[in-house]
Amino acid sequence: MAKEKKFVEAITSMNEDFAQWYTDVVRKADLMTYSSVKGCMIIRPYGYAIWELIQKELDRRFKETGHENVYMPMFIPESLLQKEKDHVQGFAPEVAWVTHGGENELAERLCVRPTSETLFCDHYKDIVQSYRDLPKLYNQWCSVVRWEKTTRPFLRSSEFLWQEGHTVHATYEEAQEETIRMLNVYSSFCEEFLAIPVVKGQKTDKEKFAGAQATFTIESLMHDGKALQSGTSHNFGDGFARAFGIQFLDRDNQLKYAYQTSWGVSTRLIGAIIMVHGDDSGLVLPPNVAPVQLIIVPVQQHVEGVLDKAYELKERLSKVCRVKVDDSDKMPGWKFSEHEMRGVPLRLEVGPKDIEKNQVVLVKRENREKLFVSMDELEEKVPQILSDIQKSLYEKALAHREERTFTATTLDEMEKILNETPGFIKAMWCGDRACEDLVKDRMAATARCIPFEQEKISDKCVCCGKEAKHMLYWGRAY
RNA sequence: CGAGGUGUAGCGCAGUUGGUAGCGCGCUUGGUUUGGGACCAAGAUGCCGGGGGUUCGAGUCCUCUCACCUCGACCA
């Protein structure tokens with residue numbers, strides 16, 4: 001089919017080999033490149049620009065909900081890391097250690113932060129004394145290091161960029177409210193900004209964060225039917241406070257332990273964008289996170305007046321969107337492919353014929369739909385089209401997720417779905433760890449979450465047949 | 001940490017029974033081109049991942065080592 005024909009051969013087809021497709025896209029869109037250290041990547045300007053847009057919008061939403069940014073050191077003394085038992089155990093296998101300063105061995109080795117709970121706690125114990133000091137709503141943007149055995153660009157790297165919010169509250173209820181508030185910030189951000197629909201829910205005990213009392217998550221479904229944990233929010237109860245001695249004098253003159261939360265999202269979100277929206281021609285960016293929303297490609301740019309018109313349009317359109325002119329001396333076809341690989345949502349072609357007719361050709365990245373628009377209407381039409389694209393990408397992703405969400409009442413059914421049409425599987429669960437373990441051993445799938453929106457698929461646990469307590473989303477995950 | 005794979009020009013790769021390094025793309029210069037990856041001409045680019053060995057001679061054989069990729073077990 002001429003219409004279905006691939007324009008770009010440099011990218012492996014998704015259906016042929018999804019993992020290779022992902023690697024090709026990440027490289028061809030020039031989001032990152034490998035570095036000389038295992039599992040670490042160089043985030044290239046285009047990839048970093050996406051991260052900056054994510055940061056900017058999230059940071060705005062954090063501030064809007066009353067949070068302040070701080071910066072903690074990247075080193076954690078070993079003794080500090082060890083104060084909360086579950087927490088150390090969870091992270092011990094993947095921490096990197098600093099043992100020397102110059103030539104001298106350190107008296108106490110320093111851990112390169114895999115997450116900063118212990119640092120925040122150590123600080124909070126000093127600054128929290130009275131109920132009047134609460135709540136503390138801190139966040140930090142930083143990188144963390146986890147010595148991973150297997151790494152993949154953006155999805156799992158040894159060092160990654162993220163944001164970690166850490167808050168302290170006077171009561172459990174308040175901490176729980178904060179935990180859910182931030183989960184909601186994440187879910188609305190993903191849906192509105194990244195055009196990625198998410199399932200909100202709680203992690204099972206097996207899957208929860210080391211040291212947390214409860215972990216909440218947003219789970220999204222990738223194009224290949226695998227799930228991606230896209231953000232988490234934890235309620236620590238007073239567990240860390242007890243381990244670190246974070247106490248305050250309450251209104252009733254009683255000394256009490258404080259309640260805490262933490263929550264984070266990372267550059268992994270970039271991986272989610274790629275795997276939710278991308279296609280065989282490469283990256284597809286929702287306009288809200290596109291560093292370039294509109295690329296102007298002049299055609300026959302050597303012809304008098306063409307480039308001038310392109311620059312003029314850029315000048316005008318820069319007031320309503322992020323726009324660039326590709327005035328390199330590549331062939332137009334080459335530019336089309338290049339900007340499609342990079343996922344630019346909208347392309348504007350302008351050549352002598354257009355100038356004559358006082359119009360331009362707009363081409364949508366998501367479906368290559370061509371629109372002929374009068375030059376006079378651009379400032380009005382372009383933002384409208386971009387917002388349509390944003391909406392359309394969300395709807396497409398939602399439709400895909402719904403198409404790939406199944407229900408199962410037996411393990412055989414689950415296994416069949418996982419092998420034939422991988423996706424989310426809604427199934428009942430009795431609450432026993434043993435059943436989770438069994439599912440994982442047998443079909444490499446995990447409990448993604450106990451969704452807030454419960455449904456009753458059946459009365460019995462999909463695994464052991466005992467009375468069911470919850471409906472779970474199951475799936476194979478990244 | 002297990003299983004596999006790969007390291008040769010910026011990128012992708014070839015390199016035979018061991019004989020002193022090549023192709024495509026990209027890059028530079030000039031010209032012609034330009035509505036879906038143009039063409040011609042002239043150039044530039046190498047610690048053959050690293051150490052040790054065998055040999056008159058190693059990209060090639062042996063050995064140790066390092067790194068990266070993919071797939072699994074563990075984790076954002």
Side-chain angles (χ1 to χ4, degrees), chain A residues 2-3 5-12 17-20 22-24 26-28 30 33-41 89-95 114-115 143-164 186 203 206-210 215 217-220 227-234 262-272 281 297-303 306-307 326-341 347-355 360-361 363 368 370 372 440-441 444 446 476-478:
Chain A
K3 254 193 188 155
K5 154 175 169 282
K6 274 186 72 184
F7 284 97
V8 177
E9 301 299 334
I11 298 172
T12 307
D17 182 346
F18 193 80
Q20 191 57 49
Y22 179 82
T23 309
D24 287 351
V26 141
R27 295 288 299 111
K28 293 291 171 186
D30 202 19
T33 187
Y34 295 104
S35 78
S36 50
V37 178
K38 175 185 162 59
C40 293
M41 57 177 177
Q89 273 179 11
F91 282 99
E94 47 187 11
V95 294
T115 177
S143 76
V144 288
V145 169
R146 298 184 189 175
W147 220 254
E148 298 289 351
K149 297 189 171 125
T150 324
T151 57
R152 297 196 66 191
F154 296 112
L155 298 174
R156 174 161 293 106
S157 44
S158 300
E159 181 189 12
F160 58 93
L161 302 179
W162 79 344
Q163 141 294 300
E164 46 179 325
Y186 288 155
K203 285 288 186 190
K206 177 181 162 80
E207 302 286 332
K208 81 178 180 194
F209 180 81
T215 290
T217 178
I218 50 172
E219 297 285 323
S220 51
L228 186 77
Q229 176 176 310
S230 305
T232 47
S233 185
H234 317 286
S262 90
W263 26 274
V265 296
S266 69
T267 35
R268 173 178 262 196
L269 286 176
I270 296 173
S281 300
V297 178
V299 175
Q300 294 188 48
Q301 65 185 41
H302 60 286
V303 171
V306 170
L307 269 180
D326 187 345
D327 56 5
S328 66
D329 59 3
K330 296 286 202 303
M331 301 291 287
W334 195 95
K335 295 180 187 177
F336 296 167
S337 300
E338 182 69 12
H339 298 291
E340 280 175 11
M341 278 195 295
R347 172 172 86 232
L348 186 156
E349 299 172 23
V350 60
K353 283 190 271 175
D354 304 300
I355 293 174
V360 297
V361 184
V363 184
R368 290 206 179 86
K370 281 196 179 182
F372 298 87
K440 182 158 193 187
D441 286 348
T446 49
R476 293 197 177 125
Y478 276 98

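Every chain is numbered from 1, with letters handed out A, B, ... down the list of sequences.
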Sugar-phosphate only, base, or nothing, as touched by A:Lys440 at under 4.0 Å among non-hydrogen atoms: sugar-phosphate
Exercise: identify the closest heavy-atom pair between A:Asp326 and A:Ser328: OD1-OG, 2.7 Å
Could you write out each protein N or O paired with an N or O of nucleotides 26-29 of chain B at a distance under 3.5 Å?
none

Spacing of A:Gln300 atom CD relative to B:rU34 atom P, expressed in whole Å: 6 Å
Nearest-Å distance for atom pair OH/P, residues A:Tyr34 and B:rG10: 19 Å
Aromatic A:Phe336 / basic A:Arg347 pairing, under 6.0 angstrom, 45° off normal: yes
Minimum-distance nucleotide to A:Glu148 side chain [options: B:rG35, B:rC75, B:rG72]: B:rC75
Sugar-phosphate, base or nothing in reach of A:Arg347, heavy atoms under 4.0 Å: base
Nearest heavy atoms of A:Tyr34 and A:Arg27, plus distance in Å: CE1-CD, 4.2 Å
Heavy-atom pair with the smallest gap, counting every atom of A:Pro153 and A:Val26: CB-CG1, 4.1 Å
Nearest-angstrom distance, P atom, B:rG15 to B:rC61: 12 Å
Base of B:rC75 paired with side chain of A:Arg146 (donor-acceptor, under 3.5 Å): no
Length of the CZ-P vector between A:Phe154 and B:rC75, whole Å: 24 Å
Separation of B:rU33 P from A:Met331 CE (nearest whole Å): 12 Å
Sugar-phosphate, base or nothing in reach of A:Phe160, heavy atoms under 4.0 Å: base
Sugar-phosphate, base or nothing in reach of A:Leu155, heavy atoms under 4.0 Å: base
Shortest non-hydrogen contact between A:Pro298 and A:Val306, atoms and distance: CB-CG1, 3.8 Å
Nucleotide nearest A:Val363 when distance is taken to its side chain, options B:rG35, B:rG36, B:rA73: B:rG36
Sugar-phosphate, base or nothing in reach of A:Glu349, heavy atoms under 4.0 Å: base
Contacts of type side-chain hydrogen bond (donor to acceptor under 3.5 Å, both in side chains), residue A:Gln301, not counting sequence neighbours: A:Lys335
Interatomic distance where CD belongs to A:Glu338 and C1' belongs to B:rC11 [whole Å]: 14 Å
Separation of B:rG35 C1' from A:Lys353 NZ (nearest whole Å): 5 Å
Value in whole Å for how far the P atom of B:rG5 lies from CD of A:Gln20: 17 Å
Nucleotide nearest A:Arg152 when distance is taken to its side chain, options B:rC75, B:rC71, B:rA73: B:rC71
Residue A:Lys149, side-chain heavy atoms: nucleotide from B:rU34, B:rU70, B:rA73 that is nearest: B:rA73
Atom pair distance, as rounded to whole Å: CZ in A:Arg368 and P in B:rG36: 12 Å
Sugar-phosphate only, base, or nothing, as touched by A:Val303 at under 4.0 Å among non-hydrogen atoms: nothing
Touch class at under 4.0 angstrom, heavy-atom based, for A:Thr232 against every strand present: nothing
Residue A:Val361, side-chain heavy atoms: nucleotide from B:rG36, B:rG35, B:rC69 that is nearest: B:rG35
Residue A:Pro332, side-chain atoms from C-beta onward, closest of B:rC1, B:rU34, B:rG36: B:rU34
Touch class at under 4.0 angstrom, heavy-atom based, for A:Arg27 against every strand present: nothing
A:Glu159 side chain to A:Ser143 side chain, donor-acceptor N/O pair below 3.5 angstrom: yes
Residues that A:Gln20 engages under side-chain hydrogen bond (donor to acceptor under 3.5 Å, both in side chains), provided they are two or more places apart: A:Asp24
Sugar-phosphate, base or nothing in reach of A:Ser157, heavy atoms under 4.0 Å: base
Nearest to side-chain heavy atoms of A:Thr23, which nucleotide of B:rG35, B:rG36, B:rU70: B:rU70
